[in-house]
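These notes are about the structure you will find just below.
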Protein chains: 2
Amino acid sequence: MTHQTDNPDDPKIPRFHVAVDVVALTIKRNLLQVAVVRRDNPMSCIIDKSTGIASEVPRKPTDYALPGGQVKWQNENLIDAARRELAEETGIELSRDDLVQIGAYGDVGRDPRSGRTVSVAFVAFNAEFATPFAGSDAASAQFIDVVEVLAEPNRLEFDHSRIIREAISRVRDLMERTPIALKFCEEEFTLSDLRHVYEVIFHAAYNEDADALRYADRIRSDDALTGGREFEERMQLLSRTILESKTMFSMDSPEPLRSLGSVGFSSKRTSSRESEVVDKLQRVLKDEYRRSEAVSTRNPDSARANLKISLDAANFSRKATAIEGFIEEIPESTRSSASGTGKPAQLYRKGKAKKLDPPLVVQRRPTKPAKRPAK
Amino acid sequence: MTHQTDNPDDPKIPRFHVAVDVVALTIKRNLLQVAVVRRDNPMSCIIDKSTGIASEVPRKPTDYALPGGQVKWQNENLIDAARRELAEETGIELSRDDLVQIGAYGDVGRDPRSGRTVSVAFVAFNAEFATPFAGSDAASAQFIDVVEVLAEPNRLEFDHSRIIREAISRVRDLMERTPIALKFCEEEFTLSDLRHVYEVIFHAAYNEDADALRYADRIRSDDALTGGREFEERMQLLSRTILESKTMFSMDSPEPLRSLGSVGFSSKRTSSRESEVVDKLQRVLKDEYRRSEAVSTRNPDSARANLKISLDAANFSRKATAIEGFIEEIPESTRSSASGTGKPAQLYRKGKAKKLDPPLVVQRRPTKPAKRPAK
DNA sequence: GCAAAAGTGTTTCCCCTACACCCATGG
DNA sequence: CCATGGGTGTAGGGGAAACACTTTTGC
């Protein structure tokens, strides 16, 4: 009755399809993007939110899926299958080091087609997926903003939205104690580049309750100081939105915003109320994005733009350089800053450490009241 | 070519055995124990350390495996299969909440028998597995110390030693930010019980480099203060052992102590040198264990014993109670301390929070020099 | 010159550790 | 009455956040 004591060939024991799915992440401008494909099947496999069961429905042009597929050979390791599928469908070729396993997804009903499929999910990183979409199946592959693909009217097939959210949640955890952030950077990078990675991953949009609140507050006060008026208004909207929805894009909940009202809030909110919140949030973020897009278009080489969500640059650089083996200075090398102006920055390359000690804590506490003696 | 575009019934795509394995953890006295079974097959499936390939060899009485087995039905969820297998083989019945998925293990060669098996591993918790070994297959099930089962002469079948180490590593990570520690406690518990859980899980034996060093130092200084002489000697041995081996039971490395010498140490160490280190460590830990065993036998009701590895009780209680929603006081209830002496302790039950905010950090830094103004 | 970014110096203040102290119990 | 464990009070030191300031670039 156990796989230890059973005859593995017992015909009564079912065999399963084993697949892999890849959450390939990259940072474009100020938002996290994920690689998705449009399947060429006329039917999409969409999960019904109330039953949790997937069924085949007519495909809409806004239906996406993660790159992935079945393990093809008896002697193909899971991680190699993931690399192969990613390459086949997007043209991106990565080494084993660039993939991290997230877990297995094998719920009954996650795949409506015949048989039962257990899928093993991986996250994959690259700074700049330079030659994507060159693969054979790649015609319909693209990178898309995570906040966009998770929201209406887009739909993700199977349980892929859950996989994306859990993947990001895991990445956030890894950011503190492992050098995973460097995988989003080029080989040579500045402290500013690195900081930008942390800023994006820890952005409220990819964050859970407490952190979201913390950051919204920080954003507001930052902006109040710099005096941006229109921007502050938008951020206050975001802040209120977060306060109302409380969990926002809670990465751990089974569905986006499903947990709305489940944390002690009066849970009388209807789903129309929920989607209203999503809409607000979407508007705000997309607004920011368009703004940064405009800036970046003016400076096409700029990898970052002027989204006013920022960590303290001075102290971040001290933290990062204090961690033994995290990054190492490249002597006598600098790069002028992305915006063209400002002092050229020191270049670094990745160090030898596999673990960050001390961990790189992005912010310890919500900077409570900014009560400082008025000089 | 992808599971999205493929015909799932394509006969050229292989199907696999899908199994589950359960790492059922409990704390006995001062050591972490894991449930293992002795399979009744005359052959054991043991992985060759150099090739990483498992093969069937004559069974020794010191060969163990994790409880687990194949997913039996088309409509059985992975977590339910894990619960079923655990119940069948050990008699332990748990709810879904008590299992956490660790990941999928599907390396080629991990199972020498026919076909290919992908196994999904779970950790399971219980304070006191009160009625274990009542199940049908349970004759050969037992709990065994983790430090013992991972060392000579014991052998773990398949890749189960790797699974155990990765499971513990994951548990340690979860201890900081989730209320997972409460799963090792009874329904009603004292702060002392809770602290004991943290002490055991963060024990150097289940720890990686930096943490191990930190704790060894702390142990030494603690003991130096209390003046224990014989004990201090043993701890210095442990400390030296750690310094020499550097990674000790590195939970993330593929094999116990495989990473020895891989962190900048002169890697000339032979494997006999490695096993010497293991032996030392084993001696020290088993020594401690026997000592605590003796104490516990005198006080059979005592869930904890007097292992001198301890967090600061006073500050731990403040930290734990400061975390919102972590634990809640049970009014007007106390329990006299385990040793019989001392003031009765306040009882708590688990709170509502799913995340710990702020995280429960066991110790921030290795208390560098204990330089305090000599009063 | 001016704005913007990099990065170092410096100050302030909060939090965490450490220790003292008191309480309640059993022997 | 002493030893032991539970728990609160509190001081002070370390460290991170906040702020100041210099340097270097583009316009």
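The figures that follow rest on heavy atoms only: side chains count, while hydrogens, waters and symmetry mates do not.
- Residues from residues 341-351 of chain A placing a heavy atom under 4.0 Å of any atom in DNA chain C, listed by number, are A:T341, A:G342, A:K343, A:A345, A:Q346.
- The interatomic distance linking A:K319 (NZ) with C:dT8 (P) rounds to 17 Å, in whole Å.
- Residues satisfying the side-chain hydrogen bond (donor to acceptor under 3.5 Å, both in side chains) criterion with B:R177, sequence neighbours excluded, are A:E176.
- Rounded to an integer number of Å, the gap from CZ of B:F316 to P of C:dA18 is 15 Å.
- The minimum heavy-atom distance between B:T321 and B:I327, with the atom names listed, is CG2-CD1, 4.3 Å.
- Following rounding to the nearest Å, B:R335 (CZ) and C:dT25 (P) show an atom-to-atom distance of 15 Å.
- The distance between atom CG of A:N315 and atom P of D:dA20, rounded to the nearest whole Å, is 14 Å.
- A:I323 has its CD1 atom 14 Å from the C1' atom of D:dA16, to the nearest Å.
- Counting to the nearest Å, the P atom of D:dG6 and the CZ atom of B:F189 are 14 Å from each other.
- Counting heavy atoms from C-beta outward, B:F326 and B:L182 have side chains that approach closer than 4.5 Å.
- In plain terms, the two heavy atoms of B:I323 and B:D357 that are nearest each other are CG2-N, 3.7 Å.
- The heavy-atom pair separating A:L194 from A:A181 by the smallest distance is CD1-CB, 3.9 Å.
- Contact annotation: B:R318 does not reach the phosphate of D:dG9 (side-chain N/O to OP1 or OP2, under 4.0 Å).
- The side chain of B:R195 sits closest to D:dG6 out of C:dA6, D:dC19, D:dG6.
- Rounded to an integer number of Å, the gap from A:D312 CG to D:dA16 C1' is 10 Å.
- If you measure from atom CG of A:L311 to atom C1' of C:dA5, you get 16 Å, rounded to the nearest angstrom.
- Heavy-atom neighbours of B:E324 CD from other residues, nucleotides or ligands within 6.0 Å: at or below the threshold of 12.
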